[in-house]
Amino acid sequence: MSEMTIEQPSSKERASRQRIPVAILGATGSVGQRFIQLLAAHPWFRIHEVVASDRSAGKAYGDAADWKLETSLPTEAADLRVRSLGDDLESALVFSSLDASVAGEAEELYASRGCAVVSNSRNHRMAPDVPLLIPEVNCDHLDALKVQKKRRGGKGFIVTNPNCSTIGLAMAVAPIERAHGIDVMHAFTMQAVSGAGYAGVSSFAILDNVVPYIGGEEEKVESEPRKILGRWTPEGFKDAPMKISAHTNRVPVLDGHTICVSLRFRQSEDLRRHFPIEKLIDDVREALVAFRGEPQRLGLPSAPEQPIVLLPDSDRPQPRLDRNAQNGMAVTVGRLRPCPVLDIRLVALVHNTIRGAAGAAILNAELLHARKLLP
């Protein structure tokens, strides 16, 4: 009797099985597709489940998703069957790119079932025990998870990443806040159409035009950086004591949010009395270039080596030229100069669907894994 030959898995198959299985909520939308793209070759995470609306449920992902990105649809996702929102999931790590109309309830549901929900949606960003996380800036806010998990009575929790413009703004000014403190900040955003989703702004409305209103956006830009740049205490989050005024605009750019920022230092009069403005700008320049955080120290897979890229050119950053800096995970800063009304001013640029959305959430999950906080 001949011996049965058992086919052994290849090294590639073994590596795939060792990666952490993840689910993506809202997988067919614009940010959901970016999650699929960025997770396809991820060394730690494996796309295991995709979840979308009832009209997509039961279909193969390749048939349900109207794929819009510049790269091909990853084969490991194409044949996955789309699951309905609310279905039980095998994955303990869940990425959410759901619309705010359904995200709040769905994320609470999966957290209550013991999942780690890493969300790009706005619903829980300002909750009193939910970290609004940028790992380079406020990784200490993860201490809030102890309180949140205790409240839930289990292992599940929610971590959010900020609004797509807020990430670029908060990262650009974090080194300045640490060095000198910020008292007042004015932010004027020029936001790409991809931030509104594929059907968000018609071509007829945006071509040859600027739309000076994005619903709810100014409120996010004015509130979220204060939580991010603040601190976690045993009594809860304490916001940074700065005042922010924001104008948000939709412009005919495909990807990349540009933010013009003017700010005043917290001890402005004392600083100006002892230091010329040129010296203060040199200090800020050095702080931006030297800025690093926990992701760089740990060598997380999605972490940019240089989270802030400072450009010397007088006409940069520009979305078409600079949005993909460090694989889209860096914030590009330029035009650092004196402000005749406040103290200094600068221009920041962030890729809104990578560092401003899916890439930010993936980096958050990497930090959770590195700190052994995943279920």
Side-chain angles (χ1 to χ4, degrees), residues 122 124-134 136-138 140-141 144 160-191 195 212-233 235-250 257-275 277 279-281 283-285 287-288 291 308 331 333-350 352 356:
R122 70 169 187 255
H124 298 101
R125 286 176 184 159
M126 303 306 290
D129 57 8
V130 174
L132 182 58
L133 187 63
I134 301 177
E136 289 93 342
V137 177
N138 63 339
D140 57 304
H141 286 198
T160 65
N161 55 267
N163 168 268
C164 44
S165 290
T166 298
I167 289 182
L169 176 62
M171 284 186 66
V173 303
I176 305 172
E177 166 67 11
R178 291 177 183 177
H180 297 296
I182 298 171
D183 180 39
V184 172
M185 183 161 61
H186 291 198
F188 181 98
T189 73
M190 292 167 280
Q191 299 182 213
Y213 173 75
I214 306 172
E217 200 79 359
E218 289 174 356
E219 292 82 356
K220 297 172 196 173
V221 176
E222 291 174 348
S223 61
E224 291 180 12
R226 299 181 68 238
K227 179 176 181 178
I228 295 163
L229 298 171
R231 56 195 176 89
W232 169 257
T233 73
E235 292 76 39
F237 290 109
K238 301 295 183 184
D239 287 351
M242 65 180 66
K243 297 179 283 291
I244 304 173
S245 174
H247 298 268
T248 58
N249 305 268
R250 189 73 70 192
H257 290 353
T258 303
I259 312 141
C260 298
V261 184
S262 293
L263 59 87
R264 183 173 68 209
F265 298 124
R266 195 166 298 147
Q267 303 296 331
S268 179
E269 291 185 7
D270 289 343
L271 286 169
R272 281 183 174 270
R273 189 178 302 120
H274 293 94
F275 300 100
I277 189 64
K279 173 64 168 64
L280 287 171
I281 287 178
D283 286 350
V284 168
R285 185 178 292 110
L288 292 170
F291 180 68
I308 296 177
V331 172
V333 174
R335 302 215 67 212
L336 179 61
R337 63 208 192 279
C339 176
V341 176
L342 301 179
D343 285 323
I344 65 170
R345 49 189 168 167
L346 55 85
V347 178
L349 172 71
V350 61
N352 54 295

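Counting from 1, the numbers follow the sequence of the chain as shown.
- The CG atom of Asp343 sits 10.0 Å away from atom CD of Glu269, with the distance rounded to the nearest 0.5 Å.
- Closest approach of Ala172 and Val333 over heavy atoms only: CB-CG2, 3.9 Å.
- More than 12 heavy atoms of other residues, nucleotides or ligands shown are found within 6.0 angstrom of CZ on Arg272.
- Atom OG1 of Thr258 sits about 9.5 Å away from atom CG of Asn352, to the nearest 0.5 Å.
- Put simply, the side chain of Leu133 reaches to within 4.5 Å of the side chain of Asn138, judged on heavy atoms.
- Taking each heavy atom of His257 and Ser165 in turn, the nearest pair found is CD2-OG, 3.3 Å.
- Aromatic ring orientation, Trp232 versus Phe237: perpendicular (interplanar angle above 60°, classes split at 30° and 60°).
- Proximity of a side-chain donor or acceptor of Arg345 to a complementary backbone N or O of Pro338 within less than 3.5 Å is detected.
- Separation of atoms CG (Asp183) and CD (Glu177) is listed at 10.0 Å; rounding is to 0.5 Å.
- Of all heavy-atom pairs spanning Arg125 and Asn161, the tightest one is NE-O, 3.1 Å.
- Considering all non-hydrogen atoms of both residues, Val331 and Gly168 come closest at CG1-O, 3.7 Å.
- In plain terms, the two heavy atoms of Pro175 and Ile308 that are nearest each other are CG-CD1, 3.8 Å.
- A side chain to side chain contact (heavy atoms under 4.5 Å, CB included) with Thr248 is found for exactly one of Glu219, Glu218, Glu222, namely Glu218.
- Counting only heavy atoms from C-beta outward, the side chains of Asn163 and Arg122 never approach each other to under 4.5 Å.
- Panel note: side chain His141, backbone Gly230; a donor-acceptor pair is recorded below 3.5 Å.
- The backbone N or O of Leu346 sits nowhere less than 3.5 Å from a side-chain atom of Arg335 that would complete a donor-acceptor pair.
- Side-chain N or O atoms of Thr160 include one that pairs as donor or acceptor with a backbone N or O of Pro131 at under 3.5 Å.
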Going through the distances and angles, do Arg264 and Cys339 end up as a side chain to side chain contact (heavy atoms under 4.5 Å, CB included)? CA-CA 9 Å; Arg264 183 173 68 209; Cys339 176; over 6 Å; no
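- Judged purely by atom type and a 3.5 angstrom limit, Lys220 has no side-chain atom pairing as donor or acceptor with the backbone of Pro162.
- When side chains are defined from C-beta on, Val221 counts as touching Leu169, because their heavy atoms get closer than 4.5 Å.
- For the side-chain hydrogen bond (donor to acceptor under 3.5 Å, both in side chains) criterion with Glu217, the lone passing option out of His247, Arg250, Gln191 is Gln191.
- Annotation: the span from Ile344 atom CD1 to Arg285 atom CZ amounts to 10.0 Å, rounded to 0.5 Å.
- With sequence neighbours left out, the salt bridge (Lys or Arg N to Asp or Glu O under 4.0 Å) criterion links Arg178 to no other residue.
- Counting heavy atoms from C-beta on, the side chains of Ser262 and Val341 never come closer than 4.5 Å.
- Asn249 contributes a side-chain N or O that, together with a main-chain N or O of Thr189, makes up a donor-acceptor pair within less than 3.5 Å.
- In this structure, the side chain of Arg226 engages the main chain of Met242 through a donor-acceptor pair within 3.5 Å.
- One distance of note links OG1 of Thr233 with NZ of Lys238; it measures 5.0 Å at 0.5 Å rounding.
- With rounding to the nearest 0.5 Å, the separation of CZ in Phe265 from CD1 in Ile182 is 8.0 Å.
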